[in-house]
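Reminder, nothing fancy here: chain letters follow the sequence lines and each chain counts from 1. Hydrogens, waters and symmetry mates play no part in the numbers below; they use all other heavy atoms, side chains included.
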Protein chains: 2
Amino acid sequence: MLETTDERAGMPALSAAQGRAATSGGAQKRRAGRPSAAVLDKAGITSAALKLVSRKGYDGLTMAALAKVLDVAPSALYNHVASKHDVLLLVEDHLMSLVDVSGFGGSSWEDAVRTWAWSYRDVFAEHTPLIPVIAVLPVTDAPQTLAMYETVSKGFSDAGFPQDRIVPSIVALESFIFGSAYDVTAPEDIFDAGSMAESTPYFTAAVRHSASGQEASAGQERGRPADTAFRLGLEALIAGFGAIRK
Amino acid sequence: MLETTDERAGMPALSAAQGRAATSGGAQKRRAGRPSAAVLDKAGITSAALKLVSRKGYDGLTMAALAKVLDVAPSALYNHVASKHDVLLLVEDHLMSLVDVSGFGGSSWEDAVRTWAWSYRDVFAEHTPLIPVIAVLPVTDAPQTLAMYETVSKGFSDAGFPQDRIVPSIVALESFIFGSAYDVTAPEDIFDAGSMAESTPYFTAAVRHSASGQEASAGQERGRPADTAFRLGLEALIAGFGAIRK
DNA sequence: ACCACTAAATGAATGGCATTCATTTAGTAG
DNA sequence: CTACTAAATGAATGCCATTCATTTAGTGGT
């Protein structure tokens with residue numbers, strides 16, 4: 001009990017506890033005490049948190065704001081999650097189900113990794129504040145995350161990876177993906193040396209030429225500087241790891 | 001004025017504004033009003049922040065705690081930095097000077113990159129809360145950071161990299177380094193699937209075999225799981241990027 | 001020598017935040 | 001009927017970054 005309350009359905013995650021704030025104008029407040037029908041559950045909290053994040057960003061994700069969206073007192077949340085960190089874990093695990101692992105099983109190992117890595121990066125580029133949470137998250141209590149690892153592990157195994165290289169390879173790819181997700185959110189002028197440009201001639205020249213290298217792919221899909229760097233690194237990792245297979 | 005106050009010396013960064021709290025028992029408080037000799041400066045704030053972090057971690061780095069270490073009222077800090085974020089930038093830039101770029105110029109490009117990447121990862125593994133700050137930090141107001149980029153850019157240029165590939169290559173390496181820094185801090189049992197192990201056979205097997213792969217290097221230098229993954233990824237990137245050179 | 005200005009400190013707010021606790025009410029097991 | 005547990009409210013609590021009015025000290029100009 002206590003943890004199994006909402007894991008039954010798995011996917012839908014948008015079931016109970018909606019509409020009150022939407023249908024009623026949020027007018028008459030609930031009186032104190034347990035309501036006849038439960039207002040909150042983990043699935044509802046998760047989807048409300050996602051809505052809130054997409055509207056207001058992670059700065060706007062406060063327990064108070066979350067409670068307001070759910071038309072509930074902030075303290076009520078603590079009957080369902082132990083802390084704000086818990087809420088972030090719920091969100092994180094939900095996002096993992098959005099990562100595209102469909103290539104494993106169908107496509108070649110190389111193409112499967114490409115599809116997986118790009119979608120993984122894209123998902124978390126929109127949620128970089130979760131990266132410190134994920135990167136250190138024991139997988140135990142994150143079913144979607146575990147499911148992703150299982151699919152990817154099987155893909156590597158089927159591709160002929162020696163057993164003892166599978167986890168390190170995945171970890172290395174993930175590290176690259178997390179770092180690259182930050183890169184997506186960096187400002188365009190991140191490498192503008194400003195007034196110190198004269199004292200850094202090599203760097204300044206390299207930045208200038210990378211910009212002109214970009215012009216070729218202007219208006220293209222995946223043509224931002226962050227995409228160029230990601231593609232370059234990813235292809236190197238795929239080539240390097242591909243050579244490990246027997 | 002206003003920004004140039006402490007950039008003069010560059011390296012030492014441990015000069016002014018010390019000892020007051022250490023020598024005097026912190027007994028008699030300073031009376032209000034500007035003191036004859038300035039108590040605070042950026043170098044002092046930076047080194048106090050570093051001390052505080054090493055003693056109490058980043059959770060312990062609060063403006064109040066920092067003020068206490070410096071024997072000053074919290075509001076006094078705001079005469080020297082605009083925000084806590086500013087303090088983090090000072091710390092970040094100082095840490096960049098600890099990254100070992102000495103390989104560029106002496107060693108082969110491969111060895112220089114190895115030295116640089118390992119030390120970069122090691123430094124920030126101890127300071128992961130700064131990663132979200134760095135990854136998105138315009139380089140303009142971070143002199144040490146800029147200096148590092150200059151040295152590395154020159155190393156890549158001298159090694160025969162085409163100009164338009166230098167920045168993307170460095171960015172890709174950095175992304176991998178940042179992600180890998182998190183990995184160092186992950187708990188040992190991060191991949192323990194717990195009760196769900198039966199439903200994830202491929203993943204569970206891979207985790208088991210990666211553990212036994214580790215035993216070989218038990219007690220070794222750079223033998224932790226995070227080190228294995230980092231080496232694997234780094235060597236793949238070096239090999240892949242090395243092929244770009246003309 | 002005086003005056004205006006700026007720089008650097010104190011100390012007292014301010015508002016936001018996560019979290020806790022006492023209380024109330026509703027279902028449920030014996 | 002009676003405990004007990006679950007799920008809500010609402011009123012604290014304590015911490016945190018930041019701001020502001022005030023005080024004092026040095027500095028440049030006349």
Side-chain angles (χ1 to χ4, degrees), chain A residues 1-6 16-17 20-21 26-45 48-49 52 56-90 129 133, chain B residues 1-6 16-17 20-21 24 26 28-45 48-49 52 56-90 129 133:
Chain A
M1 324 304 134
L2 217 132
E3 291 301 338
T4 50
T5 328
D6 69 319
R20 227 162 349 285
Q28 68 279 15
K29 51 197 66 167
R30 224 182 338 270
R31 79 178 185 286
R34 181 182 188 178
S36 308
V39 177
L40 295 177
D41 63 5
K42 285 186 182 173
I45 292 173
L52 196 50
K56 314 265 187 170
Y58 277 86
D59 283 351
L61 179 58
T62 67
M63 295 302 269
L66 189 52
K68 191 164 213 173
V69 167
L70 289 161
D71 189 29
V72 132
S75 54
L77 294 167
Y78 290 87
N79 288 319
H80 301 267
V81 297
S83 62
K84 182 177 179 179
H85 187 251
D86 253 31
V87 174
L88 296 181
L89 295 191
L90 290 174
V133 172
Chain B
M1 326 303 134
L2 216 129
E3 293 299 340
T4 49
T5 328
D6 69 321
R20 226 161 348 285
S24 81
Q28 68 279 13
K29 49 198 66 167
R30 226 184 335 273
R31 76 177 188 286
R34 180 183 187 175
S36 309
V39 177
L40 295 178
D41 64 4
K42 283 186 182 173
I45 292 173
L52 195 50
K56 313 267 188 170
Y58 278 87
D59 283 352
L61 179 58
T62 66
M63 296 302 271
L66 188 52
K68 191 165 213 174
V69 167
L70 290 161
D71 188 29
V72 133
S75 53
L77 294 168
Y78 290 88
N79 288 320
H80 301 267
V81 297
S83 63
K84 182 176 180 179
H85 188 252
D86 254 31
V87 174
L88 296 181
L89 295 192
L90 289 175
V133 173

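Rounded to whole Å, the distance from NZ on A:K56 to P on C:dG16 is 13 Å. As a whole-Å value, the separation of B:M63 CE from C:dA12 P is 19 Å. Here the C1' atom of nucleotide D:dC16 and the CG atom of B:L52 are 14 Å apart, to the nearest Å. One atom, CG of B:L70, and another, C1' of C:dT10, lie 15 Å apart when rounded to the nearest Å. As a whole-Å value, the separation of A:D41 CG from D:dA8 C1' is 15 Å. Rounded to a whole Å, the CG atom of A:L66 is 12 Å from the P atom of C:dT19. Rounded to whole Å, the distance from OH on B:Y58 to C1' on D:dC15 is 21 Å.
Contacts between residues 77-88 of chain A and DNA chain C, counted as heavy-atom distances below 4.0 Å, involve A:Y78, A:S83, A:K84.
Counting any heavy atom pair closer than 4.0 Å across all strands shown, B:S75 reaches a base atom.
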Look for any protein N or O under 3.5 Å of an N or O in nucleotides 27-30 of chain C and output each such pair with its distance, or none.
residue : atom : partner : partner atom : Å
C:dG27  : OP1  : A:S36   : OG           : 3.2

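Going from atom CG of B:L70 over to atom CG of B:D41 covers 9.5 Å, rounded to the nearest 0.5 Å. In this structure, CE on A:M63 lies 7.5 Å from CD1 on A:I45, to the nearest 0.5 angstrom.
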Without placing hydrogens or testing angles, list every side-chain donor-acceptor pair under 3.5 Å for residues 74-85 of chain A, not counting sequence neighbours.
residue : atom : partner : partner atom : Å
A:S83   : OG   : A:H85   : N            : 3.4
A:S83   : OG   : A:D86   : N            : 3.3
A:K84   : NZ   : A:L61   : O            : 2.7

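Here the closest heavy-atom approach between residue B:A49 and residue B:L66 is recorded as N-CD1, 3.6 Å. The nearest pair of heavy atoms linking A:A67 to A:A73 is CB-C, 3.8 Å.
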